[in-house]
**Q** 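Structure provided below as structure tokens; questions to follow.
When a ligand or atom number is given, it counts from 1 through the structure's own listing order.
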Amino acid sequence: MHYESYDEYDAYTHLPGMKQRVMREVRATGKQSTRSKDEPSEWLTSQVEGEDELPITYGAGASEERLLREALTIFYRDNVITEVVARVKGGKEANVYCCRAHPKTGMDLIAAKVYRPRIHRTLRNDAMYREGRMILDEEGKGITRNERTKRAIAKKTDFGQEIVTFSWIEHENDMLQKLHAAGADVPRPIAHEGSAILMAYYGDVNQPAPTLNGVDIERHQAAAMFDRLMWHVELMLAHNCVHGDLSPYNVLYWEGKAVVIDFPQAVVALKNPHARRLLQRDIDRLAQYFARYGVEKDTAALGNTLWQQFMDSEL
Ligand SMILES: Nc1ncnc2c1ncn2[C@@H]1O[C@H](COP(=O)(O)OP(=O)(O)OP(=O)(O)O)[C@@H](O)[C@H]1O
Ligand SMILES: [Mg+2]
């Protein structure tokens, strides 16, 4: 398991999401903050120290608790979640937590994916995935790329990197919304704000769903599961997307079903020059896993046919 020191989460208060949230609160209460730039806002302090605190019951360290309160209190106040009960996984770009759902949601558990600040440091080849994609702001709207913004992104100034960081999160949220609406086997999106995306949780409190690479499926399930995942690849392409990091590591296995996750790097198929290659890599990686169960496929032919149909607008 890999996660870094949580001290870096101090950086959160400098990100635009936090600033916007604080500003919204200032607007709502009509109070103009008199704090100096380096003092925590009254609102943040009350979020963190207030009586009605988000319960975090799995023994997180102090910095991680603070990060979680900053990222998830808004969902606690909105009666979406009632408690953070476990950290499912600490990833390179985000941590995923298991939360108890508020009864009004009609769900038992909710997964919260909380991005790390400065994820640009860990996203390899991020420019390749971003080609042909709009830079999105916190509302998920395209940012007008004026000269100043373009320069800031190219020069990787703090401002430019903040924009890019939030754009990744917005992009993942957008993909989840779009694919779920299209009937894809992806977690149902529940809510999104700032650095957190809430979605349906797969698994039990003590046993999160494993990823496909960690389970042995029955031989007789394999062919149908591969076909279903290929249908998924096709569905994404029909919506002008290539996952770009599809592999057994990004497929959850729960109650006999495969659920695809992890979309920040998904590319726009028609606009990204690497889309065809990434499509083939996605298909090859899936086929590699299923080959051990006797599923033999001509992956090059599968990729060619899908891409041709896509180019001929037949999907
Ligand atoms: N909806 C969910 N329900 C249950 N577990 C989940 C859910 N979403 C993610 N997970 C768990 O959290 C892990 C990390 O999620 P995800 O792949 O989206 O993030 P990541 O930051 O890209 O992580 P990594 O770098 O490990 O790929 C997954 O491998 C899975 O174990
Ligand atoms: Mg992943």
**Q** Quick one: does ligand 1 sit under 4.0 Å from the side chain of D262, the backbone, both or neither, non-hydrogen atoms only?
**A** both
**Q** State the atoms of ligand 1, each with its element, that fall below the 4.0 Å cut-off from a heavy-atom position in M199.
**A** 1 (N)
**Q** I'd like to check which ligand 1 atoms, numbered from 1 as shown, lie under 4.0 Å from a non-hydrogen atom of T211.
**A** 29 (O)
**Q** Heavy atoms only, cut-off 4.0 Å: how does V259 contact ligand 1, side chain, backbone, both, or neither?
**A** neither
**Q** Could you tell me whether the Mg ion (ligand 2) has an N, O or S atom of Y249 under 2.8 Å away?
**A** no
**Q** Got a sec: does the CG of D227 have more than 12 other heavy atoms crowding it under 6.0 Å?
**A** yes
**Q** What distance separates T211 OG1 from L252 CG, expressed to the nearest 0.5 Å?
**A** 7.0 Å
**Q** Does any part of the side chain of I283, heavy atoms only, come nearer than 4.5 Å to the side chain of M230, both counted from C-beta?
**A** yes
**Q** For ligand 1, which atoms sit closer than 4.0 Å to a heavy atom of I261?
**A** 9 (C), 17 (O), 28 (C)
**Q** Which atom, counting only N, O or S, brings D262 closest to the Mg ion (ligand 2)?
**A** OD2
**Q** First locate atom CG of L198, then atom OG1 of T105, and finally report the distance between them rounded to the nearest 0.5 Å.
**A** 10.0 Å
**Q** Going by the atom numbers of ligand 1, which of them fall below 4.0 Å from some non-hydrogen atom of N250?
**A** 17 (O), 27 (O)
**Q** Scan K113, K89, R87 and name whichever one has a side-chain contact (heavy atoms from CB on, under 4.5 Å) with Y97.
**A** R87
**Q** Would one find an N or O of A200, backbone or side chain, under 3.5 Å from an N or O of ligand 1?
**A** yes
